[in-house]
Colleague: 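This is the structure I have questions about; it appears just below.
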Amino acid sequence: MATIQEVQEEIVNEFIVFNDWMDRYNHLIEISDDLPLIDGKLKNNEYIIRGCQSKVWLNAEFNNGKIKFTADSDAIITKGIIALLIRVLSDRTPNEIIDAELEFIDRIGLRQNLSPTRANGLLSMIKQVKLYAIAYDAREKKK
Amino acid sequence: MATIQEVQEEIVNEFIVFNDWMDRYNHLIEISDDLPLIDGKLKNNEYIIRGCQSKVWLNAEFNNGKIKFTADSDAIITKGIIALLIRVLSDRTPNEIIDAELEFIDRIGLRQNLSPTRANGLLSMIKQVKLYAIAYDAREKKK
Amino acid sequence: MDHTEKYDIEKIRADFPVLEQKVYNNKPLIYLDNGATTQKPLRVIRVVNRYHSELNSSIHRGVHFLSDQATNAYEKARETVRNFINAEKKEEIIFTSGTTGSINMLAFSFGEQFLEEGDEIIISEMEHHANIVPWQMLCERKKTKLKVIPFDDNGVLDLEVYENRITDKTKLISVTHISNTLGTVNPVREMIRIAHKNGIPVMIDAAQSIQHTEIDVQELDCDFLVFSGHKVYGPTGIGVFYGKEKWLELLPPYQGGGDMVDIVTFEKTTYNELPFKFEAGTTNYIGAIGMAAALEYISEIGMKKIAAYESDLLEYALQKLDHSGGITIYGLAPEKASILSFLIDGIHMLDAGMIFDKMGVAVRIGSHCAQPVMQHFNIDGTLRASVSFYNTKQEIDYLCKAIQQVKTMFT
Amino acid sequence: MDHTEKYDIEKIRADFPVLEQKVYNNKPLIYLDNGATTQKPLRVIRVVNRYHSELNSSIHRGVHFLSDQATNAYEKARETVRNFINAEKKEEIIFTSGTTGSINMLAFSFGEQFLEEGDEIIISEMEHHANIVPWQMLCERKKTKLKVIPFDDNGVLDLEVYENRITDKTKLISVTHISNTLGTVNPVREMIRIAHKNGIPVMIDAAQSIQHTEIDVQELDCDFLVFSGHKVYGPTGIGVFYGKEKWLELLPPYQGGGDMVDIVTFEKTTYNELPFKFEAGTTNYIGAIGMAAALEYISEIGMKKIAAYESDLLEYALQKLDHSGGITIYGLAPEKASILSFLIDGIHMLDAGMIFDKMGVAVRIGSHCAQPVMQHFNIDGTLRASVSFYNTKQEIDYLCKAIQQVKTMFT
Ligand SMILES: Cc1ncc(COP(=O)(O)O)c(C=O)c1O
Ligand SMILES: Cc1ncc(COP(=O)(O)O)c(C=O)c1O
């Protein structure tokens, strides 16, 4: 399986061909279909990450030392970005996730989505992903 | 007796010869000696006109249809300006005082002293002078 | 169209340097977020620059040249504001930090002086949070009650319910002149008449009307009126609180500090006269001077002309959007100004907003600090385009092109 | 003198356009009213200009290019302030309208949360009205008591009395770091230590220290610290309220409005997280960005260097004035900064001030919003010269010439 760094490179290469913003967004829209969706029953307040302007639901499952994420969002572009994130971070060990530096977002020109203005919950989502990793890591160590 | 307008012209002519601010102020300092002083016993809170930075005491006496003013101030330049004011307005009928347009202050370059910044009580003093005139005028009409 | 004759839009646009901005790949900026904040004309930019460079000095307290200059300009700014809203007296104009600061000031001072447990305050369902939360906080503190005038699905207030809400416990009515979300122009004159019939004072939130319509506080007969400088082409951090003198005399000060006092001893402090009683500390005098420059600028163009031009533009936009199809507009009151809230059917506002942005179109998305309006329609938010007298029909056309683009991409 | 080596005063002065001003008959302006407000360097003037011309947009709420730019700059400004005072967290920095706004905020929020009838607050005899009146108003509202730490005739606080004033009713101590009238640098670190020993939080009024000394809130261990942008070479209408996170979490919000809320319904409103909970409405973001530019500018020069230069200048001025004879200086504490209050014996301050003015010397006259200090000395006010790092010894010489002139004219 490709490393986090490799997957990020892959994504950057995918996006680098698009000069036009609309093409990049179109690609994100396509990618949004790849998002491993969270179980519909979990789309409730417990799993929500609230941005001011769009909602994200996130779940994490721990199996064989690795975390698998599923998610959803009511906004399609947000969904596309999450799909990328999960492609990078899902099926990894807690430590891999904790140490990951997510530079691809910046490199494909989506840094704005991480600014506090962009109230799409992405920043909180990354935080939440890392928190899951830290939590599972702690649990493992206790055992 | 000279009219209000004539006295103002006189004052303007007196000051016009001074190009230098220090000369103008020196003249005001000299003039401050001419101020008909308010009775020392009246220098109390009842007769005070408070500016933030200097104090003025003012009294008015009504005799034979005319108002005579006496005053004092703890700051000498203020005292000089009041002396000028009283030279213009004292010994006049209430109506003359009410109608008077005190342009000399502006014309001799002391307009600043009338701005709200110049908290020397001069603006309030002019108001007070006019109020005295209005009050005596009203009293006369009642008779 | 005839009332826009002789309206030299090119000349006006040239006064606003930001309108020449290019964003992203050299896209011209289409600024349709005027409801949030307005752009600054050169006159404002220059006067702020000049005071920073040549004439900056603390006001009221100095006996020196610079201080005189700054004080005179500040007091002249007060007179400009007085004249702009036709207040009776200069002393009725208080400079604050903005609309929010003004409303909080009224809530505190009015509350301290006049409210007792059980008393009631009336606001409307379409208020900005700035005209909701200060009253909620006050109500919690004073155990008073907040009552709400509802609006119908077109965004029109129900005046019958309004009259019925008034009881002998009602102590104050606080409503917005123009809704920042629906664009509704409320019949504030009539509402004030009704309130006064019951002996109740009225505050008007003019944050969204001061820049779009002529306001005459004496004609309106409102007791209080508030607005922000930054929404009327002036600087940030400055606002206005207008109050009838008789009220201002009765209200206790809000903040304590320099300039608002007369005599201070540890035993007893007495307050300064109006308007200073309500202006504690070093005020934003450069902001006030800048705001006055903005008011003078739009006065010279003429508020009637501005209102007519903007109304024409809004009408044009409404029609174009209607023709586009697949769009839901929120706020269809017959009396409506500047604000156009909408959603593209089936498409999330954020998806639309992000495409708009990359096309250079600046609109606002979200609840616009008016969550109760969203709750009314059971939505999370809207896309809001808000026009100003420097916008053009071409810009509206471009907005429609952006909508078309969004539809293509997401369906 | 060695510590002023390599201090390029000409270069510094060239950064402040106002210092080239001529007043009256072409007299160069000698600006010695820095205690009231400071002048603005080109960097501040330009950044304000740039944001007005190119990047103005409402912050936090937008999803478009300009709004992103403005928001990032505003949040960067917060980080600049954090760094300047070495706060632990960005969330501890709240932007307000100024020192007065900050103190009123604390008085309200702290009062609501922690004070009960009979509780006590301690301030000092040398406070600015901004650090007296809000507490008096609070005491009246909450039936609490204000206690005062006296100073001796040199302007030194009596720490013994201070400790004795502390009782188990004492809930807050609020003192100035540097007196705006006497120039005394108070031993705030020691005072905070004493307060904390008794479990009492301390607010520091840094309005007169932020521009003159290095401040490290973690080292001081103060619980709150406040200052104004306009006194630290920044714009008007902006200020800072620093609070330790643990306190800010406990304090209720001061003003209600946009941005400070999370969810608003008419039934219940929840508040946003720090720092936004305390920033209601559209903040003065351009002011904040301008203030940050000012802080960066003086940081580059270096606060240590500035303090050393100013201390040298003050020392020089004190000696010159002493040599002039016939002058009474108010405030002779061993630890003293920037501020020089005096009277020329037998001459009214207004008479002196008016001559100074016409000679181009801008000083302040009056009670400097610290009437209790005047009451202490039984005077109406003083002449106050206050120096900044852009002033020179030549300017002090000129001040002394002006004093000579006044003496000649009035005696
Ligand atoms: C020590 C002190 N505290 C508070 C203030 C009030 O500051 P501002 O007027 O900027 O709110 C000042 C200045 O006027 C001051 O010198
Ligand atoms: C109707 C209305 N009221 C109040 C406000 C608050 O204004 P400010 O944020 O300038 O204080 C706004 C704007 O945000 C508004 O549109």
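Sequence lines set the chain letters: A, B, ... in the order given, protein chains first and strands last, and positions in each chain run from 1. No experiment lies behind these values; they were computed from the predicted model shown. Atom set for the values below is all heavy atoms of this structure, side chains included, hydrogens, waters and symmetry mates excluded.
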Colleague: Can you name the residues that form a salt bridge (charged side-chain N to carboxylate O under 4.0 Å, His left out) with D:K27, not counting sequence neighbours?
Modeller: none
Colleague: Below 4.5 Å from any heavy atom of chain C, which atoms of D:E125 appear? Answer side chain, backbone, both or neither.
Modeller: both
Colleague: Which atoms of D:Q136 are under 4.5 Å from chain C, going by heavy atoms: the side chain, the backbone, both sets, or neither?
Modeller: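 It is the side chain, since no backbone atom gets that close.
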Colleague: With a 4.5 angstrom heavy-atom cut-off, is it the side chain or the backbone of C:R46 that approaches chain D, or both, or neither?
Modeller: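 Answer is neither: C:R46 stays 4.5 Å or more from chain D.
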Colleague: Quick one: which of C:V361, C:N131, C:N104 has the most heavy-atom pairs under 4.5 Å with chain D, could you say?
Modeller: C:N104
Colleague: Chain D: which of C:H230, C:H368, C:H52 shares the most heavy-atom pairs with it under 4.5 Å?
Modeller: C:H52
Colleague: Where on C:Q39 is there a heavy atom nearer than 4.5 Å to chain D: the side chain, the backbone, both, or neither?
Modeller: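 Both the backbone and the side chain of C:Q39 come within 4.5 Å of chain D.
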Colleague: Taking C-beta and beyond as the side chain, do D:R364 and C:S58 meet within less than 4.5 Å on heavy atoms?
Modeller: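 Side-chain contact under 4.5 Å: yes.
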Colleague: Tell me, side chain or backbone of C:I103 under 4.5 Å from chain D's heavy atoms, or both, or neither?
Modeller: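 Neither part, no heavy atoms under 4.5 Å.
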Colleague: How long is the gap from OH on D:Y24 to NE2 on C:H64, to the nearest 0.5 Å?
Modeller: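 So the gap between those two atoms works out to 9.5 Å.
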Colleague: Is chain C contacted by the side chain of D:M260, its backbone, both, or neither, given a heavy-atom distance below 4.5 Å?
Modeller: side chain
Colleague: Between NE2 of D:H129 and CG of C:D259, what distance do you get to the nearest 0.5 Å?
Modeller: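 Here the interatomic distance stands at 10.5 Å.
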Colleague: Please flag which part of D:Y31 lies under 4.5 Å from any non-hydrogen atom of chain C: side chain, backbone, both or neither.
Modeller: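 For D:Y31, side-chain heavy atoms alone lie under 4.5 Å from chain C.
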Colleague: Looking at D:M105, D:Q375, D:K268, D:E20, which has the largest count of heavy-atom pairs under 4.5 Å with chain C?
Modeller: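 That would be D:Q375.
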Colleague: Side-chain contact test, heavy atoms from C-beta onward, threshold under 4.5 Å: evaluate it for C:T282 versus D:T37 and give yes or no.
Modeller: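 Side-chain contact under 4.5 Å: no.
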Colleague: Between C:L66 and chain D, with a heavy-atom cut-off of 4.5 Å, which part of the residue counts as in contact: side chain, backbone, both or neither?
Modeller: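 Contact with chain D involves the side chain of C:L66 alone.
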Colleague: With a 4.5 angstrom heavy-atom cut-off, could you sort out which part of D:L138 is near chain C: side chain, backbone, both or neither?
Modeller: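 No part of D:L138 comes within 4.5 Å of chain C.
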Colleague: Please classify the contact between C:E54 and chain D as side chain, backbone, both or neither, with a heavy-atom cut-off of under 4.5 Å.
Modeller: both
Colleague: Between C:L55, C:T265, C:T38, C:I286, which shows the greatest number of heavy-atom pairs under 4.5 Å with chain D?
Modeller: C:T265
Colleague: Under 4.5 Å heavy-atom distance to chain C, tell me which part of D:L42 shows up: side chain, backbone, both or neither.
Modeller: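 When you check distances to chain C, no heavy atom of D:L42 falls under 4.5 Å.
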Colleague: Any donor-acceptor pair under 3.5 Å linking the side chain of D:Q371 with the backbone of C:D262?
Modeller: yes
Colleague: Look up atom OG1 in D:T236 and atom CD1 in C:I238, then write down how far apart they are to the nearest 0.5 Å.
Modeller: 8.0 Å
Colleague: D:S53 versus chain C, heavy atoms under 4.5 Å apart: side chain, backbone, both or neither?
Modeller: both
Colleague: Where does C:V48 contact chain D at under 4.5 Å (heavy atoms): side chain, backbone, both or neither?
Modeller: side chain
Colleague: From D:I132 CD1 over to C:F266 CZ, what is the distance, rounded to the nearest 0.5 angstrom?
Modeller: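 Here the interatomic distance stands at 4.5 Å.
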Colleague: Should the ring pair D:Y254 and C:Y254 be called parallel, tilted or perpendicular, given that the plane angle runs from 0 to 90° and is split at 30 and 60?
Modeller: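 Plane angle under 30°, so parallel.
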Colleague: Which region of D:V264, side chain (C-beta onward) or backbone (N, CA, C, O), has a non-hydrogen atom less than 4.5 Å from a non-hydrogen atom of chain C, or is it both or neither?
Modeller: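 For D:V264, heavy atoms of backbone and side chain both lie under 4.5 Å from chain C.
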Colleague: Against chain D, label C:Y233 side chain, backbone, both or neither, depending on which of its atoms sit under 4.5 Å from a heavy atom there.
Modeller: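 Neither part.
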